[in-house]
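For reference, the structure discussed in these notes is given below.
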Amino acid sequence: MPQLALLNIARTAHPLDAPEMADFVANIGQVNALAYASPGFLWHLDEDNDEVRTLFGDDIVVNVSVWASLEDMHAYVYRSRHADFIGRRKEWFLHMKEAYVVLWWVPEGHRPSLSEAADRLARLREDGPTAEAFTFKTPFPAPRST
């Protein structure tokens with residue numbers, strides 16, 4: 001059964017060790033723990049900071065995760081305490097004109113690499129939402145086989 005992968009990137013408004021980022025940094029563990037305990041959560045990439053810098057730049061934070069379904073992921077992102085942090089996004093992150101969230105279906109048990117996730121974001125930015133790279137606003141159904 002296909003599973004749903006997500007890449008979310010954000011450009012920080014300040015260095016992570018700046019006082020303005022302290023509340024964000026202090027809550028990373030709590031937000032991750034909330035995800036890990038959420039229905040449908042399957043996996044989270046422990047990113048390699050060197051690879052993040054190479055692919056995206058020094059001022060980007062990254063989240064890659066895999067979920068059992070779009071509904072499970074949506075519930076965590078928008079209907080859990082995580083939504084409180086989305087509401088504070090402007091305090092910590094700069095507005096990005098290009099797409100910064102991409103979703104795609106993966107085979108059961110597949111764990112995407114950061115470079116795979118970056119490729120999916122590039123596809124979304126180049127082609128708009130397709131079955132290969134889409135958004136919450138324009139989702140595509142799970143394929144019969146991936």
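What you see is a predicted model; the values in this text were computed from it and never measured. We use all heavy atoms of the structure for the numbers below, so side chains are in, but hydrogens, waters and symmetry mates are not. Residues take their numbers from the sequence shown, with the count starting at 1.
Atom CE in Met21 sits 8.0 Å away from atom CD1 in Ile28 (nearest 0.5 Å). To the nearest 0.5 Å, atom NE2 of residue His74 and atom CG of residue Leu6 are 12.0 Å apart. One distance of note links CZ of Arg79 with CD of Glu71; it measures 9.0 Å at 0.5 Å rounding. With rounding to the nearest 0.5 angstrom, the CZ atom of Arg125 is 4.0 Å from the CD atom of Glu98. Taken to the nearest 0.5 Å, the CG atom of Leu42 stands 9.0 Å off from the CE atom of Met73. Atom CD1 of residue Ile60 and atom CG of residue Leu55 lie 11.0 Å apart, to the nearest 0.5 angstrom.
Residues Trp67 and Val77 form no side-chain contact, since every pair of their non-hydrogen atoms from C-beta on lies 4.5 Å or further apart. The side-chain heavy atoms of Asp23 and Arg88, taken from C-beta on, include a pair separated by under 4.5 Å.
In this structure a side-chain-to-backbone donor-acceptor pair under 3.5 Å is missing from Arg120 to Ala133. The closest donor-acceptor contact from the side chain of His44 to the backbone of Ser65 lies at 3.5 Å or more, if one exists at all. For Thr135 (side chain) and Thr138 (main-chain N/O), a donor-acceptor pair under 3.5 Å exists by modelled atom type. The backbone N or O of Phe41 sits nowhere less than 3.5 Å from a side-chain atom of Ser38 that would complete a donor-acceptor pair. Between the side chain of Glu20 and the backbone N or O of Glu91, no donor-acceptor pair lies under 3.5 Å. Between the Arg11 side chain and the His95 main chain, no donor and acceptor come within less than 3.5 Å of each other.
Residues Phe136 and Val31 fall within the same hydrophobic cluster, defined by Ile, Leu, Val, Met, Phe, Trp and Tyr side chains chained together at heavy-atom separations under 4.5 Å. Hydrophobic clustering keeps Leu94 apart from Met96 (ILVMFWY residues linked when any side-chain heavy atoms are closer than 4.5 Å, directly or through intermediates). A continuous path of ILVMFWY side-chain contacts below 4.5 Å connects Val25 to Ile9, so both sit in one hydrophobic cluster.
Looking at residues two or more places apart in sequence or on another chain, you find no side-chain hydrogen bond (donor to acceptor under 3.5 Å, both in side chains) involving Asn32.
Using cut-offs of 30° and 60° on the angle between ring planes, the pair Trp92 and Phe24 is tilted.
Heavy-atom neighbours of Tyr100 OH from other residues, nucleotides or ligands within 6.0 Å: at or below the threshold of 12.
Taking the six-membered ring wherever Trp is involved, the centroid distance between the rings of Phe134 and Trp104 does not fall below 6.0 Å.
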